[in-house]
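Have a look at the structure below, then the notes.
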Amino acid sequence: MSDGPTLARLQAAELRDNRDLDAVIVGAGFSGMYQLHLLRDRLGLKARVLERGNGVGGTWYWNRYPGARCDSESHSYSYYFSDALLQEWEWSERYPQQPEIVRYLNFAADKLDLKRDIQLDTTVTAARYDEAANRWRVETESGETFTAKYLITAVGCLSSANVPDIPGRDRFQGKWYHTGQWPHEGVDLGGKRVGQVGTGSTGIQAVPVIAAEAGHLTVFQRTANYSIPAQNGPLSSEFKAWAKKNADEIRRTMYASTNGHPFLMAERNVFDVSAEERRAIYEKAWQVGGLRFRAVFQDLLLDKAANDTAAEFLKSKIREIVTDPQKAEALSDIDHPFATKRPPIDTGYFEAFNRDNVSLVNLRKTPIIEITEKGIRTSEKEYELDIIVFATGFDAMTGSLLKLGIVGRDGVPLSTAWEAGPRTYLGLQVAGFPNMFTITGPGSPSVLCNMPVAIEQHVEWVTNCIERMEEKGVERIEPDEQAVSDWVDHVNDTANATLLPQAGHSWYLGANVPGKPRVFMPYAGGMARYRGICDGIAASGYEGFVMDGETAGSPIAAAVNISG
Ligand code: NA7
């Protein structure tokens, strides 16, 4: 007798079972993977990750452009919750390259046996809250439906590509690519005429690598940018051994720091030292390289006059490096204070403009009019190109969330709730969307922090919250409207106390996407302070959240003072 029908029935039952879950997690990057591990292996819940890509890695699965590398130092760009992972993995360079990060995340997924609960090639198209059942119904592009008590978005902050809608884009006869959707098989740039639009962190990483391969590279720059040399290089065996041995100390430093990096902000102000001393401090920081530069004075983002000294130092470096005076002028004509946009770090960016095969078009003087069959036409002339690279960034922080088609209580779409900009409590929950948690959501430090540190804090907080709910039989949690309003005010006040909003065209503000509301999205109060606020709120019985219809009040006025 054949056991075919029995097997088919069993498989069908198992599939049904797999679609009726405790938690659906969307996204298999750093956050989704850790969230799965904690919900499944610590709380024993039935959880499943739905992932659009064909592999784990999240942001790093997609961002395969030439030169793609993380700007956090590799020994801090790791899961710190597991000593086993920390001790076993070895990074090769000071900053990890994209393929190495994907290898690392696969290593972690295999070690933790996560892949059996990660469903790849699965794009979520809708997630609707069913109030009567108190369940989220999650639909996918292929027509599957999952239901779960908890919906956890782990979609990353920089995953929704922003391809500018320049007239004529579709008639271009060459090829165009966005850096965040780079073909997995790579792109042959050899001898080609390449045009690159965009000089943010991505564009600045890509230029030297593309220049080395292309026949000619034309960089179309709208906003000139600061950049600090990464001073990348292989990690010595001594450093690797030191990092493993001192993992606890490194973790403590990251937790105590403003931006979750493995170094602390110097406790001095710019004008505490003489001009000469200052120059020497900047020079040393330039030699050390990377984001450490930002930490040499504590008031760089608080005092415009202080910031001007760093800005002037960095502009003078550009003028020193770039030999063509016209290029040097365009590259150093920077209109925003240093680090008010995410400060890029580079390997040979400004030096690349000294190559014969690299030219620069200043779009402030000669803007792009259209894309033609042959290339890009500015107000001055047409540039003939074989390939256009859009290093034009992302619909950051909210883009990927809004794409999920989330609909909360009373049929209110998230896009409606956030019409005037994102409104969250702690960047973790949205009023009217019960049992939905947004890992590194808008209103949390996220992109202002070394991401794994921000992610681990969020995932652990969410897990503790869910654990408590399950223990106490709580069916629903969502934030109180007043707590959300207070938090949004606090996020705004915190940003406004810094120079950050002065970069009027930054993606922190949503200003890079036409029509997007201008709201400063990440929490600028620092990671250490934010952690204290979240811990305080949890310890107080989740003040500001409504559990099963009962509100615990709005604690923000008190909570923001928790850890100054
Ligand atoms: P960014 O930082 O948003 O940079 C995008 C760049 O593209 C920036 O130079 C933009 O100029 C430029 N841009 C965007 N649209 C256009 C159009 N229409 N025309 C010309 N130039 C344009 O994105 P990245 O990918 O570099 O970095 C994102 C984050 O990833 C980074 O901060 C790290 O956290 C990792 P603009 O400045 O808007 O004038």
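Judged as a side-chain contact (heavy atoms from CB on, under 4.5 Å), and not counting sequence neighbours, the contacts of V513 are N162, D395, K516. With sequence neighbours excluded, the residues forming a side-chain contact (heavy atoms from CB on, under 4.5 Å) with T424 are W418, V430, P442, W487, listed by chain and number. Under the side-chain contact (heavy atoms from CB on, under 4.5 Å) criterion, K381 pairs with Y383, sequence neighbours left out. Not counting sequence neighbours, R294 has no partner by the side-chain hydrogen bond (donor to acceptor under 3.5 Å, both in side chains) test.
Q98 and Y65 form no side-chain donor-acceptor contact under 3.5 Å, judged by distance and modelled atom types alone.
Checked against a 6.0 Å centroid threshold, the rings of F293 and F338 count as neighbours. The aromatic ring centres of Y79 and F30 sit less than 6.0 Å apart.
The pair D535-R531 does not meet the salt-bridge criterion, since no charged nitrogen lies less than 4.0 angstrom from a carboxylate oxygen. A salt bridge between E100 and R69 is absent, with no side-chain N of the basic residue lying under 4.0 Å from a carboxylate O of the acidic one. Between R423 and E481, at least one side-chain nitrogen of the basic residue sits less than 4.0 Å from a carboxylate oxygen of the acidic one, meeting the salt-bridge criterion. Comment: K317 engages E283 in a salt bridge, judged by a side-chain N to carboxylate O separation of less than 4.0 angstrom.
Remark: E276 CD is loosely packed, at most 12 non-hydrogen atoms of other residues, nucleotides or ligands lying under 6.0 Å away.
Sorted by first and then second residue, the pairs that involve residues 261-274 and meet side-chain hydrogen bond (donor to acceptor under 3.5 Å, both in side chains), not counting sequence neighbours, are N269-Q298. Every pair passing salt bridge (charged side-chain N to carboxylate O under 4.0 Å, His left out) that includes a residue from residues 352-365 is listed here, sequence neighbours excluded: D335-R364.
The aromatic rings of Y523 and H490 are tilted relative to each other, their planes meeting at an angle between 30° and 60°.
A cation-pi contact, defined as under 6.0 Å to the ring centre and within 45° of the axis, links R52 to W62.
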